[in-house]
Amino acid sequence: MPPSTRSKPCFVTEGFRYRADVLEQLWKHGVQPTPATRPDLVRDYVRDLYRYEIRRLRERYLRRDFPKVEYSVRVDRLRREYPVLAMRAWEWLEP
């Protein structure tokens with residue numbers, strides 16, 4: 001492999017310190033970042049998880065598992081389960 005395409009080792013000297021309230025919210029979704037995990041990667045993962053769940057909810061609505069009037073209520077309830085997505089990734093860290 002040519003030197004330009006080899007991946008370089010990444011060393012984290014200090015790490016990221018996540019806020020306790022953010023970690024608590026992440027735990028609810030089974031997400032446990034380490035001090036070496038970049039917040040933007042964690043946020044992208046949680047955003048993808050939310051998208052998966054919202055798509056699944058829409059599929060259920062289209063299958064008529066529940067009435068249309070319930071759909072917006074369920075979407076809002078799901079959105080409220082992901083308050084960390086209202087924050088930018090850098091806001092997840094302790095100052």
Side-chain angles (χ1 to χ4, degrees):
M1 185 179 278
S4 61
T5 59
R6 278 191 213 141
S7 61
K8 297 179 183 176
C10 178
F11 299 101
V12 177
T13 55
E14 189 173 308
F16 298 101
R17 291 183 10 221
Y18 289 85
R19 293 174 22 188
D21 60 322
V22 169
L23 288 173
E24 183 180 329
Q25 289 297 316
L26 294 175
W27 261 107
K28 291 178 182 180
H29 303 290
V31 179
Q32 184 182 9
T34 68
T37 311
R38 292 189 347 241
D40 59 313
L41 292 178
V42 180
R43 189 178 189 288
D44 288 348
Y45 178 82
V46 173
R47 185 194 63 226
D48 290 346
L49 181 60
Y50 171 75
R51 286 180 179 172
Y52 169 78
E53 290 195 39
I54 201 81
R55 286 180 186 133
R56 201 173 84 189
L57 184 63
R58 179 168 168 73
E59 289 171 3
R60 289 186 58 214
Y61 164 67
L62 293 174
R63 282 195 319 255
R64 299 178 186 214
D65 288 352
F66 49 86
K68 184 177 184 175
V69 294
E70 266 186 52
Y71 181 64
S72 62
V73 173
R74 290 176 183 235
V75 168
D76 185 58
R77 186 181 318 136
L78 181 61
R79 182 185 59 82
R80 291 175 190 273
E81 290 178 17
Y82 288 86
V84 291
L85 292 179
M87 304 164 63
R88 294 181 198 102
W90 61 267
E91 294 175 310
W92 292 15
L93 301 175
E94 292 182 2

Residues passing the side chain to side chain donor-acceptor pair (under 3.5 Å) test with Glu70, sequence neighbours excluded, are Arg74
Residues two or more places apart in sequence or in another chain: which of them pass side chain to side chain contact (heavy atoms under 4.5 Å, CB included) with Asp65?
Arg60, Arg63
Would you find more than 12 non-hydrogen atoms of other residues, nucleotides or ligands less than 6.0 Å from Arg47 atom CZ?
yes
Pair listing, side-chain hydrogen bond (donor to acceptor under 3.5 Å, both in side chains) test, anchored in residues 86-95, at least two apart
Arg17-Glu94
For residues 25-38, which residue pairs qualify under salt bridge (Lys or Arg N to Asp or Glu O under 4.0 Å), counting only residues two or more places apart or in two chains?
Arg38-Asp40
Tell me whether Leu41 is reachable from Val22 by hopping between hydrophobic residues (I, L, V, M, F, W, Y) whose side-chain heavy atoms are closer than 4.5 Å.
no
Which distance, rounded to the nearest 0.5 Å, do you find between the CZ of Arg19 and the CG of Leu26?
11.0 Å
Taken to the nearest 0.5 Å, the spacing of Arg43 CZ from Met87 CE works out to 9.5 Å
Compare every heavy atom of Ile54 with every heavy atom of Arg51, then report the nearest pair and how far apart it is.
O-CG2, 3.2 Å
Pairwise distance CG(Leu23) to CD(Gln25) - rounded to 0.5 angstrom
10.5 Å
With sequence neighbours excluded, tell me which residues meet side chain to side chain donor-acceptor pair (under 3.5 Å) with Asp48.
none
Where Ala89 and Pro39 come nearest, the two heavy atoms and their spacing
O-CB, 3.5 Å
Answer whether the closest heavy-atom distance between the side chains of Phe16 and Pro33 falls below 4.5 Å.
no
In this structure, CG of Asp44 is separated from CG of Leu49 (nearest 0.5 Å) by 12.5 Å
If you look only at pairs with a residue in residues 42-68, which of them pass as a ring pair (Phe, Tyr, Trp, His ring centres under 6.0 Å), with sequence neighbours excluded?
Tyr50-Tyr82, Tyr61-Tyr71
